[in-house]
Undergrad: 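This structure is in structure tokens; I'll ask about it shortly.
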Amino acid sequence: MKYVQSSGTTATGPADWFTGAVYIDGVQSPSEDSPLSCAHVRFTPGARTVWHTHPKGQTLYVTDGIGYVGTRGEAVQEIRPGDVVFIAPGEEHWHGATPDRFMAHVALNEADEQGRVVTWLDPVTEEEYSR
Ligand code: MN
């Protein structure tokens with residue numbers, strides 16, 4: 001067993017990956033021992049990821065607030081604490097807060113053979129965000 005006391009610094013989400021202010025606390029990065037990647041991600045109202053894919057898929061567990069998750073060709077899905085979202089490998093999607101509420105989720109991904117967990121695409125437009 002290895003215990004890590006709460007420490008470190010919350011990271012801010014890079015502008016290439018997110019629209020609006022997003023804060024990320026890393027839990028685990030892929031290593032030789034495990035391909036698992038895990039982070040707790042907090043979105044301020046209106047903030048969201050850009051469109052992206054995960055080579056091995058992704059599981060989201062909503063911990064706070066009210067958010068949205070969007071995928072190509074479907075209406076935006078509202079998400080709330082306790083909800084679990086499964087994203088398929090290669091599925092283009094985005095996730096974020098609603099315009100008026102914060103949203104936080106735990107994000108779980110597995111790295112592929114090259115160590116990649118995500119491929120970032122284009123920003124989510126206002127029209128896509130409000131659909
Ligand atoms: Mn995702």
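First listed ligand is number 1; within each ligand, the first listed atom is number 1. We use all heavy atoms of the structure for the numbers below, so side chains are in, but hydrogens, waters and symmetry mates are not.
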Undergrad: Taking everything shown except Gln5 itself, do over 12 heavy atoms lie less than 6.0 Å from its CD?
TA: no
Undergrad: Indicate yes or no: does Lys56 engage Glu91 in a salt bridge with an N to O separation below 4.0 Å.
TA: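 Salt bridge between Lys56 and Glu91, a charged N being under 4.0 Å from a carboxylate O: no.
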Undergrad: Does the side chain of Ile79 reach to within under 4.5 Å of the side chain of Ile66, using non-hydrogen atoms?
TA: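 In short, these two side chains do not touch, never coming nearer than 4.5 Å.
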Undergrad: Could you tally the protein N/O/S atoms lying less than 2.8 Å away from the Mn ion (ligand 1)?
TA: 5
Undergrad: Less than 4.0 angstrom from a charged side-chain N to a carboxylate O is my criterion; do Glu128 and Arg72 meet it?
TA: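 Looking at Glu128 and Arg72, the cut-off is met.
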Undergrad: Show, in sequence, the C-alpha distance, side-chain angles and deciding distance for Arg42 and Asp25, and conclude whether the salt bridge (charged side-chain N to carboxylate O under 4.0 Å, His left out) test is met.
TA: CA-CA 8 Å; Arg42 294 182 174 90; Asp25 289 307; 2.8 Å; yes
Undergrad: Is Arg80 salt-bridged to Glu78, going by a charged N under 4.0 Å from an acidic O?
TA: yes
